[in-house]
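The structure under discussion appears below in the form of structure tokens.
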Amino acid sequence: MTAKLHGAVVRWFATEARDLPWRDPRCSPWGVLVSEVMLQQTPVVRVLPVWREWMERWPRAADLAAESPGEAVRAWGRLGYPRRALRLHAAATVIATEHDGELPDSEDGLLALPGVGGYTAAAVAAFAFGRRASVVDTNIRRVHARLVSGDALPAPALTAAERRLAEALLPDDDATSVRWNAGVMELGALICTARSPKCSMCPVADECAWRAAGEPPPSYVPKGQAWHGTDRQVRGAIMAVLRGASRPVPRVVLDGLATAEPVTAEPVTALTEGSATSPELARLHALAPAPEQLERCIAGLLADGLAVELTGGLALPH
DNA sequence: CATCCGTGGCT
DNA sequence: TAGCCAAGGAT
């Protein structure tokens, strides 16, 4: 019953898939893992250049493990959620020291790595090792919701029913299951998008339960992600300062930025000479965080290991 | 299980 | 333009 869907999606994927470097058969499992972690909540177009830099600089897990975690965070750049860089570095260390430099090829083995959850473990097992694994990401969930369940959007959180459905739809043989996973994911990314899906270009539009039902609206309103004034925004601004700093950033500089006292570009430059570029400091200052928020954010970054306290000030971890 | 955690392109 | 939202994971 699902054979028709399998054929349609696999054929569509064969001709319409984007030519992404981590899909190259010559890409190593390590390269696939790096791509999957970078792609967690970050769009492909922004990952591409950073992934290339990482692969050139750290072609094997052991190469990254030999670096300091701070270098990983700095090379992560502005991909967002920098703790992912930290966990990727930790995963590289585990791979280098406990797995002789080779990635585990089973879902369970992958799942044990830092920063690797259910999605990433299944994705690497499938895309790097050709295993039959049930990959469930936001794209696949959305396609399943529309195509099979007739809903405009998947539930707010992954449900057991969705896992069962994904497993039930997964082709039996390894090779087809890999193409199905990749194809459904690509379909969700390019055609069956969250907003304004391109149904006229969909290879399985005729089988879509959501279309058959007259494209009913979502049964709930997704709540947006708060940003302005949040700790995340302040943490991000602090991290940008630390990434741009070639030496520890004195606490007095950071603390001074939280005050209402205007800070001119001149003294900022003088205080942080050689330790940070002024655009990053200016951005943090423009946020005008309350002293307690700034303190809370710094404490959070220290607790997360994204920053360390030195006598000279705050810096990326060594 | 809900919340927290960055960033910037797109509509 | 202001929001929406993207190949999630950890707690």
Side-chain angles (χ1 to χ4, degrees), chain A residues 13 17-18 20-23 31-51 73 76-88 90-91 110-128 133-143 153-160 162 166 178 181-190 192-198 218 221-243 280 283-284 287 296-297 299-301 303-307:
Chain A
F13 183 71
R18 289 168 294 181
L20 303 173
W22 44 84
R23 285 178 175 163
V32 173
L33 174 64
V34 171
S35 79
E36 290 299 345
V37 174
M38 287 183 172
L39 287 164
Q40 292 169 5
Q41 300 287 281
T42 301
V44 167
V45 287
R46 282 171 46 209
V47 165
L48 276 168
V50 183
W51 182 86
V73 172
W76 194 255
R78 304 188 66 81
L79 286 182
Y81 293 147
R83 51 176 57 171
R84 291 182 293 161
L86 225 43
R87 299 210 171 105
L88 203 39
L110 290 161
L111 203 48
L113 298 173
V116 175
Y119 161 76
T120 303
V124 174
F127 305 140
S134 188
V135 179
V136 184
D137 78 320
T138 188
N139 287 311
I140 289 178
R141 292 181 63 213
R142 188 174 52 253
V143 172
L153 295 175
L158 180 60
T159 65
E162 286 182 271
V178 170
N181 280 325
V184 175
M185 198 178 310
E186 191 78 338
L187 199 55
L190 300 182
C192 195
T193 51
R195 287 173 294 181
S196 58
K198 304 167 180 63
V221 182
K223 55 174 190 164
Q225 312 165 4
W227 177 243
H228 290 288
T230 62
D231 285 4
R232 278 199 301 172
Q233 186 182 29
V234 173
R235 284 171 56 119
I238 297 170
M239 288 303 298
V241 171
L242 298 188
R243 280 196 306 269
E280 285 77 12
R283 274 201 304 131
L284 177 55
L287 296 180
R296 182 173 65 246
C297 288
L301 293 175
D304 289 348
L306 284 167

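Residue numbers start from 1 in every chain, and the chains themselves are labelled A, B, ... in the order their sequence lines are given, proteins ahead of strands. Everything numeric here is computed off the predicted structure, so don't read it as measured data.
Taking A:Arg283 as the reference, nothing meets the salt bridge (charged side-chain N to carboxylate O under 4.0 Å, His left out) condition, with sequence neighbours excluded. For A:Ser35, the side-chain hydrogen bond (donor to acceptor under 3.5 Å, both in side chains) criterion is met by no residue, not counting sequence neighbours. A:Arg141 pairs by the salt bridge (charged side-chain N to carboxylate O under 4.0 Å, His left out) definition with A:Glu162, not counting sequence neighbours. Residues passing the side-chain hydrogen bond (donor to acceptor under 3.5 Å, both in side chains) test with A:Arg78, sequence neighbours excluded: none. Under the salt bridge (charged side-chain N to carboxylate O under 4.0 Å, His left out) criterion, A:Asp231 pairs with A:Arg296, sequence neighbours left out. Taking the side-chain hydrogen bond (donor to acceptor under 3.5 Å, both in side chains) definition, one finds that A:Asp137 meets it with A:Asn139, sequence neighbours left out. Every residue meeting the side chain to side chain contact (heavy atoms under 4.5 Å, CB included) condition with A:Ala90, not counting sequence neighbours, appears here in chain and number order: A:Pro114. For the side chain to side chain contact (heavy atoms under 4.5 Å, CB included) test, residues two or more places apart in sequence or in another chain that qualify with A:Ala125 are A:Glu107, A:Leu110, A:Arg131, A:Ala133. With sequence neighbours excluded, no residue forms a side-chain hydrogen bond (donor to acceptor under 3.5 Å, both in side chains) with A:Arg87.
With rounding to whole Å, A:Arg18 atom CZ is found 11 Å from C:dA6 atom C1'. The distance between atom CG of A:Leu110 and atom P of C:dG9, rounded to the nearest whole Å, is 12 Å. Atom C1' of nucleotide C:dA6 and atom CZ of A:Arg46 are separated by 9 Å, given to the nearest angstrom.
Shown for residues 31-43 of chain A: residues whose heavy atoms fall under 4.0 angstrom of DNA chain C, namely A:Glu36, A:Leu39, A:Gln40, A:Gln41, A:Pro43.
Taking atom P on both C:dA7 and B:dT3, the two are 23 Å apart, rounded to the nearest angstrom. Taking atom C1' in both C:dG8 and B:dC1, the straight-line distance is 15 Å, to the nearest Å. Going from the P atom of B:dG8 to that of C:dG9 covers 22 Å, rounded to whole Å.
The span of DNA chain B lying next to chain A, judged by atoms under 4.0 Å from heavy atoms, is bounded 5' to 3' by B:dT3 to B:dG8.
For the pair A:Val73/A:Met239, a side-chain contact is recorded, criterion being any heavy-atom separation below 4.5 Å from C-beta on.
No engagement by A:Ala157 is indicated, since no non-hydrogen atom pair under 4.0 Å with the nucleic acid exists.
In this model, no donor atom of one side chain and acceptor atom of the other lie less than 3.5 Å apart for A:Tyr119 and A:Gln40.
Between A:Gly115 and A:Arg23, the residue whose closest nucleotide on DNA chain C is further toward the 5' end is A:Arg23.
Within the 4.0 Å cut-off from OP1 or OP2 of C:dA6, at least one side-chain nitrogen or oxygen of A:Arg142 is found.
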Any N/O pairs under 3.5 Å between the protein and nucleotides 2-4 of chain C? List them or say none.
from  : atom 1 : to       : atom 2 : distance (Å)
C:dC4 : O4'    : A:Arg195 : NH1    : 3.3
C:dC4 : O2     : A:Arg195 : NH2    : 3.3

